[in-house]
Amino acid sequence: MTFREFKSEAENVVEEALKRSSYPTVEFNLSEPAEEHYGDLASNIAFQIAKDLRRPPMKIAEDIARLIDLSRSNLIQDVSADPPGYINFRLNYKALAERLLPSIQSSDGVKVADLGKGAKVTVEHTSVNPNKALHIGHLRNVAIGDAVYRLLKHSNYNVKVLNYIDDSGAQVADILVGFLHLNYPQEPPSDVKFDHYCGDTIYVKVNEMYEQNPNLLEKQRQILKELEDPASKISEFAKSITSKILIEQLKTCWRFGVRYDCLNFESHIVHSRLWDRVFKELKEKGIVKYAEDGRLKGCWIVEVEGEEEGEEKVLVRADGTTTYVAKDIPYAAWKIGLVEDPFNYIEYVKQPDGSPLWATDLNQGFKKTDFYGAEKTIVVIDVRQSRLQRIIKAVLSQLSKGVEDRYIHLGYAVVSLSPQTAKEMGFSEEERLLHMSGRKGIYLNADDVLDALKKKALEETVKRNPNESLEWCERVSESIAVAALKFDLLKQDLDKIVIFDLNKSLRLEGDTGPYILYSYVRACRILEKADEEDIAPTTTNINITTPTEKKLLKDLSKFDLIVEEAARNLSPKTLARYTIDLSTSFNNFYESAPVLSCSDAAIRGTRLMLVRGFKSVLGKAIDLLGLPKVERM
RNA sequence: GGGCCCGUGGCCUAGCAUGGAUCAAGGCGUCGGCCUUCGGAGCCGAAGAACAGGGGUUCAAAUCCCCUCGGGCCCGCCA
């Protein structure tokens, strides 16, 4: 918001000084010094010049610093050359406060850079097979996808969120086998959600039975065959089951604070014959080849860039059916507008935030242009799918130039169970982390984890709020649980495996979501009391004095730079880390700079503005991460 | 066998894109402090002294390059 201006002022004065000097023009950068006491920004320009001229950097830094003219700068307090050759700039905190604080007294004033200029982008995430409940691993996908959506939307992209529903695969047939051939009742026990029932009981049991009873596998194949006809009785039955599961899954996602724009059903993509059109073009352009002989005789295959011969991927089997990856190609082509839209759209359900959730349909509904033909499309899927995603992208690139930049696979490492949790749950006795498996029943259901977190938060909330109703405490605890889990899944690098430990992840202290919420609540309390005591913020006589005030102010001023970085790199982690840092700065300020009891009116008023500004900025950061907010806890 | 990713104090992580400053930063855990002060889900301090190992590039490497080791994932006419 203004750190950006400080930075560009510093850039300008260095460039101008360089022009006035006898030194050659070079590229340089400005970064924050390792230690606060060096200043607020440092230029490495002297090192860059020293490299070319083979002269001591310190001398060069001194020469340039001497030529720097600050007369037209507002936010630079002073500048110095320091060993071994840095040019350090210090912020004029009073000027920064006067510029920044009035603008962020309400959340409307907290602006984010316009990166998107309204460009149409789709983000696909969640995409859980509709035969089971979401587990903790799925939640990483959901949290990342939702945060990316929020980051892009606020950076002025026109973002639509897609959720791909594979309603015609073998996993769905497995559930049908359970109902039709193992006589599972169609209603779950009264205290069990339908998605849990299908996933925890039927899916796992059916897969166990396949091993003992090969006949059952034959039944599954039969069901799959019958599912190909959308008008068949079994298709209708499948649809009723998958819809029931899907709605339960959506409830979990809504509980997690997530929304979507459109459900894309695989069965619709298959029956739309999109594949035929794309396949025809792939053949005409020679992108797919027919294997005349060899191991893959009779198949249509593509070569995979960067892989050895003999590693070709089959798109169409010898029997004429399409493979998994082939099914994704027309869908991806649809997303970026390489094919016409064959779908109608119906309003599937109203979401808790009031927005409609649309779904593809082949018969009824309207035509809509919102969901296909995006400038960029981002698909959030774990890294195990990287090779397939690369193949899809490569095939599309051959159909149309420029697809490389428009089709983006956002991969992330999986969530695994810690040895302790694996033992506690009775999944394993080994001292190593355990990968989850829906088929084997090795996972923790998302709802169960949230419930456990909520229970823990509730104990604390009730203890701290003896005068509040149980309903109130429950509501707050639910928010704390969601914030804790979501933040835990967002805060680390996408390339790193999340080792989920039931006990450790139930933490409410330290680098956690509750820490952030707690900081927010503290700010709310101060503002509430200030209101009661009729203490108004200063707007004319701003006075920044202490180190913790300065640090908080500086952190606030960086918000838009951080959001920009996070949005550009599709990196929720970047914002998550900032949010912790900002909260820490506030808590330090809170300990050392009393607001309401401060006797100096100007200082008190300034601090109050800082608290308000903090509430606005942190509130925005919380929104962008997709965490729930609470005003008391 | 080929490809991708990870390896930072006892444990978990940030920093790596764009190499630089005397102490490489947080959290957890351990030990010790801080409520007559806006809420202690907080703050302060201490101990531990660590960028997997080796080589290279550079005035300067946790960061770039190469090799080795350890761990994970992917490599099906399954999805």
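Just so you know, these numbers use all the heavy atoms, side chains as well, and skip hydrogens, waters and symmetry mates. From a predicted model like this one, the values you see are computed outputs, not experimental measurements.
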Starting at the 5' end of RNA chain B and moving along, which residue's nearest nucleotide shows up first, Leu388(A) or Ile526(A)?
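Counting from the 5' end, the first nearest nucleotide belongs to Ile526(A).
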
Could you tell me if the side chain of Leu315(A) sits less than 4.5 Å from the side chain of Thr322(A), heavy atoms only?
no

Measuring only the [atom1] atom in each nucleotide, how far is [N] from [M]? A whole number of Å is fine.
N	M	atom1	answer
G7(B)	C64(B)	P	11 Å
C59(B)	C23(B)	C1'	23 Å
G3(B)	U22(B)	C1'	44 Å
C73(B)	G32(B)	C1'	45 Å
C66(B)	G48(B)	P	38 Å
U58(B)	G53(B)	P	23 Å
A61(B)	G56(B)	C1'	11 Å
U30(B)	A52(B)	P	27 Å

Check whether the ring centres of Tyr164(A) and Tyr331(A) lie less than 6.0 Å apart, and answer yes or no.
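Ring centres of Tyr331(A) and Tyr164(A) closer than 6.0 Å.
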
Check the geometry between Tyr38(A) and A21(B) and answer yes if their rings are stacked (centres below 5.5 Å, planes below 30°), otherwise no.
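Ring-base stacking flag set for Tyr38(A) and A21(B).
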
Base of G42(B) and ring of Tyr590(A) stacked, centres under 5.5 Å, planes under 30°:
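Not stacked: fails the 5.5 Å / 30° test.
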
Check [Y] with [X], please: is the shortest side-chain N to carboxylate O separation under 4.0 Å?
X	Y	value
Arg607(A)	Glu549(A)	yes
Lys491(A)	Asp511(A)	no
Glu528(A)	Arg632(A)	no
Arg568(A)	Glu565(A)	no

So which atom in Tyr86(A) and which in Ala42(A) form the shortest heavy-atom distance, rounded to 0.1 Å?
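Reported closest heavy-atom pair: CD2-CB, 3.9 Å.
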
Mind listing the closest non-hydrogen atom pair of Asp166(A) and Pro130(A) along with its distance?
O-CD, 3.2 Å

Expressed in angstrom and rounded to an integer, what is the separation of [X] atom [atom1] from [N] atom [atom2]?
X	N	atom1	atom2	result
Glu303(A)	G2(B)	CD	P	21 Å
Arg384(A)	C4(B)	CZ	C1'	14 Å
Leu506(A)	G29(B)	CG	P	14 Å

Looking at the base of A14(B), is there any donor atom on it, or on the side chain of Asp511(A), that sits under 3.5 Å from an acceptor on the other one?
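Donor-acceptor pair under 3.5 Å: no.
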
Report all interatomic pairs (protein N or O, nucleotide N or O of nucleotides 56-59 of chain B) with separations under 3.5 Å.
residue : atom : partner  : partner atom : Å
C59(B)  : OP1  : Arg54(A) : NH2          : 3.2

Between G15(B), U8(B), G42(B), spot the one nearest the side chain of Tyr518(A), thanks.
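It is G42(B).
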
Nearest to the Tyr86(A) side chain among G15(B), G20(B), C6(B), which nucleotide is it?
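Per side-chain heavy atoms of Tyr86(A), the pick is G20(B).
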
Chi-based syn or anti call at C35(B), which uses purine or pyrimidine torsion atoms and a 90° bound:
syn

Considering every strand shown, what is the Watson-Crick or G-U wobble mate of C73(B) when both distances are under 3.5 Å?
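Per the H-bond distance test, G3(B).
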
